[in-house]
> 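I am attaching a structure below and will ask some questions about it afterwards.
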Amino acid sequence: MQRRADVPRLGSLGPSARAVVRTLLLAGPLSRAELARRLERSPASITKTTQPLVTSGLIREDVAQSAESRGRPGAPLVLQAALHRFIGVKVTADEVYAVRTDAAGQVEAAGHRRLPDVEESTVVAQILELVNELRGAGEIQALGVGLAGRMSRFDDTVRANPFLGWDQVPLARVLEQATGIPTVLSEDARALTAGVQWSGPGRGMSDLAVLTVGVGVGLGIVIEDRVLAGPSGRVGRIGHMRVADSGPACERGHRGCASAFLTTAAITQGIGVPRGRADLDLDAALALAADGDPVALRVFADAGHALGVLIAQLANTLGLPAVILAGDGLGMLAHGRPALDAALADHLDPHATRPTVVAFSSGFDEWARGAAVVACQWMLVDPPPHRTDPA
């Protein structure tokens with residue numbers, strides 16, 4: 001059996017080998033001929049690149065190699081994903097969640113800690129406890145952290161996090177110095193999108209969006225297999241996009257924006273205030289709607305309408321064939337789905353194709369898994385110099 005210590009780290013590979021590994025993780029197993037087609041390389045070039053990877057044990061042939069005859073496909077190549085380990089962390093205002101995964105994003109272990117406060121020292125200490133708990137005896141190739149803010153796809157600094165109140169905090173450097181593990185940060189919805197694409201319900205899709213609802217409204221976009229970030233890391237800022245000409249105001253005073261209808265606070269306040277209930281949570285709001293409460297039903301219908309408008313705008317603008325809904329506010333679909341479907345039909349351009357809309361129920365461990373996938377992608381796309389060989 002191949003040992004982890006005998007297999008080269010992903011970040012130590014040259015650009016061509018990393019491209020092969022990325023493609024196998026996204027769409028494998030694949031034959032050499034299919035790899036050549038997807039990477040737009042010659043078959044001879046792919047054979048030259050993959051042979052050392054097979055020899056080292058980083059990838060294996062799915063069946064015994066045999067002489068190829070005319071019209072017979074080559075043996076599929078498979079990445080030995082279990083030989084590579086990563087840790088992903090999701091930080092909220094209240095808790096820290098962490099998972100250890102293999103290169104394919106399969107979770108091997110998980111843990112979480114409550115946050116008594118959001119001081120930098122407290123959050124760092126809780127992350128370090130989880131990393132030490134999960135790392136085990138083998139090497140962790142990279143650590144990824146997902147959290148709200150304006151971070152780029154592969155960042156080292158927390159920027160404009162509204163829940164922790166942090167800005168320009170060099171969290172990656174602090175964690176890397178404390179753990180010895182290369183560390184990368186990413187905006188949390190974008191990290192979740194990476195996990196959804198890599199080994200979640202978006203696997204096999206080259207173009208999709210992940211739209212999250214809960215404490216906030218977030219968006220991750222995949223175009224031609226790449227998770228978009230943009231030059232400033234601000235792709236997906238749709239929380240204050242206008243979805244109605246009237247309605248409640250959000251916390252910033254915007255009337256009719258997505259956050260005014262879709263956040264958990266907007267929903268619970270919209271239902272609770274008329275009922276004189278300041279303590280209403282989402283479960284209680286859903287229970288009121290299930291009992292036929294007209295205010296609750298109206299608020300959930302308005303939320304569904306807002307979500308449908310957002311999905312239609314994504315389909316109209318980007319032509320995305322699939323939108324995956326996620327987040328801890330997905331319970332609103334129990335009463336908001338009819339309004340969502342009606343708004344989508346009403347706002348979709350006549351020449352646009354209606355996207356497939358999938359609800360993906362996921363806890364914060366899934367967000368942490370996405371951060372681990374980002375760490376793996378970092379090693380395969382833009383690894384830090386001290387982890388990359390010149391070849």
> What pair of heavy atoms forms the shortest contact from Leu192 to Ala326, and how long is it?
CD2-CB, 3.9 Å

> Would you say the side-chain atoms of Gln141 and Arg85 include a donor-acceptor pair closer than 3.5 Å?
no

> Between Trp166 and Val118 (side chain of the first, backbone of the second, donor and acceptor by atom type, cut-off under 3.5 Å), is there such a pair?
yes

> Can you tell me how far CG of Leu320 sits from OG1 of Thr353, rounded to the nearest 0.5 angstrom?
11.0 Å

> Find the distance between CZ (Arg41) and OG1 (Thr49) and round it off to the nearest 0.5 Å.
6.5 Å

> Thinking salt bridges, do Arg237 and Glu187 make one under a 4.0 Å N-O criterion?
no

> Between atom CG of Asp102 and atom SG of Cys376, what is the distance when rounded to the nearest 0.5 Å?
8.5 Å

> Assess whether atom CZ of Arg252 is packed by more than 12 heavy atoms of other residues, nucleotides or ligands within 6.0 Å.
no

> If you count the non-hydrogen atoms of other residues, nucleotides and ligands that lie under 6.0 Å from CG in Asp245, is the total more than 12?
no

> Set out, in order, the CA-CA distance, both residues' side-chain angles and the distance that settles side chain to side chain contact (heavy atoms under 4.5 Å, CB included) for Val91 and Val123, then state yes or no.
CA-CA 8 Å; Val91 182; Val123 176; 4.1 Å; yes

> Would you say Asp207's side chain and Leu318's backbone share a donor-acceptor pair under 3.5 angstrom?
no

> Compare all side-chain heavy atoms of Leu310 with those of Val243 and state whether any distance is below 4.5 angstrom.
yes

> Can you establish whether the number of heavy atoms outside Gln168 located under 6.0 Å from its atom CD is more than 12?
yes

> Could you tell me if the side chain of Val20 sits less than 4.5 Å from the side chain of Thr50, heavy atoms only?
yes

> Taking CZ in Arg226 as the centre, count heavy atoms belonging to other residues, nucleotides or ligands within less than 6.0 Å. Is the count above 12?
no

> Taking Val213 as the starting point, is it possible to reach Leu280 by hopping between hydrophobic residues whose side chains are less than 4.5 Å apart?
yes

> Please report the C-alpha distance between Leu115 and Thr92 in whole Å, then the side-chain angles of each, then the deciding distance to 0.1 Å, and finally whether the side chain to side chain contact (heavy atoms under 4.5 Å, CB included) criterion is met.
CA-CA 9 Å; Leu115 285 176; Thr92 75; 5.5 Å; no

> How close do Ala352 and Asn316 get, heavy atom to heavy atom, and via which atoms?
CB-OD1, 3.6 Å

> Identify the two heavy atoms, one from Ala249 and one from Ala260, that lie closest to each other, and give their separation to 0.1 Å.
C-CB, 4.0 Å

> Any sub-3.5 Å donor-acceptor pair from Ser259's side-chain atoms to Gly239's backbone N or O?
yes

> To the nearest 0.5 Å, what is the distance between CG on Leu25 and CG on Leu79?
5.0 Å

> Determine yes or no for a side-chain-to-main-chain donor-acceptor pair under 3.5 angstrom, with Arg18 supplying the side chain and Gly11 the backbone.
no

> Are any side-chain N or O atoms of Arg255 and backbone N or O atoms of Gly247, one a donor and one an acceptor, separated by less than 3.5 Å?
yes

> May I ask you to decide whether Asp155 forms a salt bridge with Arg159, counting only side-chain N to carboxylate O separations under 4.0 Å?
yes

> Let me check something: do Phe261 and Leu286 share a hydrophobic cluster, defined by ILVMFWY side-chain heavy atoms less than 4.5 Å apart, either directly or through other members?
yes

> Checking the side chain of Glu61 only, and the main-chain atoms of Pro76 only, is there a donor and an acceptor separated by less than 3.5 Å?
no

> Do Thr179 and Leu128 have side chains that get closer than 4.5 Å, going by heavy atoms?
yes

> Check the pair Arg298, Asp293 against salt bridge (Lys or Arg N to Asp or Glu O under 4.0 Å), reporting the backbone distance first and the verdict last.
CA-CA 9 Å; Arg298 179 70 267 167; Asp293 181 275; over 6 Å; no

> Tell me, please, which residues at least two apart from Tyr97 pass ring-ring contact (aromatic ring centres under 6.0 Å, His included).
His112, Phe364

> If we ignore hydrogens and angles and just use 3.5 Å, is the side chain of Arg242 paired with the main-chain N or O of Ala258 as donor and acceptor?
no

> Is a side-chain N or O of Gln197 found less than 3.5 angstrom from the main chain of Met205, in a donor-acceptor match?
no

> Hey, is the main chain of Trp198 close enough, under 3.5 Å, to the side chain of Arg203 for a donor-acceptor pair?
yes

> Do Leu314 and Val222 share a hydrophobic cluster (ILVMFWY, side-chain heavy atoms under 4.5 Å, transitive)?
no

> Report yes if some heavy atom in the side chain of Ile181 is under 4.5 Å from a heavy atom in the side chain of Arg135; otherwise report no.
yes

> Spell out, yes or no, whether Phe163 and Leu262 are grouped together once hydrophobic residues are joined by side-chain heavy atoms under 4.5 Å, including indirect joins.
no

> Does the side chain of Ser56 come within less than 4.5 Å of Pro8's, by heavy atoms?
yes

> Counting C-beta onward and ignoring hydrogens, is there a side-chain heavy-atom pair between Phe86 and Val99 closer than 4.5 Å?
no

> Are the side chains of Met332 and Ile267 in contact, using a 4.5 Å heavy-atom criterion?
yes

> Looking at Arg153 and Asp382, does any basic side-chain N land under 4.0 Å from a carboxylate oxygen?
no

> For residues Thr122 and Pro116, determine if any side-chain heavy atom of one lies less than 4.5 Å from a side-chain heavy atom of the other.
yes

> Please lay out, stage by stage, how Arg60 and Asp62 fare under the test salt bridge (Lys or Arg N to Asp or Glu O under 4.0 Å).
CA-CA 6 Å; Arg60 64 175 173 82; Asp62 201 30; 3.3 Å; yes

> Kindly determine whether Leu39 and Ile46 satisfy side chain to side chain contact (heavy atoms under 4.5 Å, CB included), including the steps that lead there.
CA-CA 9 Å; Leu39 293 173; Ile46 290 297; 4.0 Å; yes

> Looking at every heavy atom in both Pro182 and Pro384, which two are closest together, and how far apart are they?
CB-CG, 4.3 Å

> Between NE2 of His335 and CG of Leu288, what distance do you get to the nearest 0.5 Å?
9.5 Å

> Using every non-hydrogen atom in the two residues, find where Ala82 and Glu108 come nearest and quote the distance to one decimal.
O-OE2, 4.5 Å

> Show the numbers, then the answer: is there a side chain to side chain contact (heavy atoms under 4.5 Å, CB included) between Ile311 and Leu211?
CA-CA 8 Å; Ile311 295 170; Leu211 206 166; 4.2 Å; yes

> When hydrophobic residues are tied together by side-chain contacts of less than 4.5 Å, even through go-betweens, does Phe360 share a cluster with Val373?
no

> Under the 3.5 angstrom rule, does the side chain of Ser199 hit a backbone N or O of Ala104 as a donor-acceptor pair?
yes

> Take the angle between the ring planes of Trp378 and Phe154 and call it parallel below 30°, perpendicular above 60°, tilted in between.
tilted

> Just how far is it from atom CG of Leu77 to atom OG1 of Thr23, taken to the nearest 0.5 Å?
11.5 Å

> Go through it in stages, so that I can follow the logic: the residues are Arg113 and Glu95, the test is salt bridge (Lys or Arg N to Asp or Glu O under 4.0 Å), and I'd like the CA-CA distance, side-chain angles, deciding distance and then a yes or no.
CA-CA 6 Å; Arg113 294 285 190 280; Glu95 292 189 276; over 6 Å; no

> Less than 4.0 Å between a side-chain N and a carboxylate O, is that true for Glu176 and Arg173?
no

> List the atom of Gly216, the atom of Thr263, and the distance in Å for their closest heavy-atom pair.
CA-CG2, 4.1 Å

> Show the numbers, then the answer: is there a salt bridge (Lys or Arg N to Asp or Glu O under 4.0 Å) between Asp365 and Arg369?
CA-CA 6 Å; Asp365 281 356; Arg369 188 180 77 86; over 6 Å; no

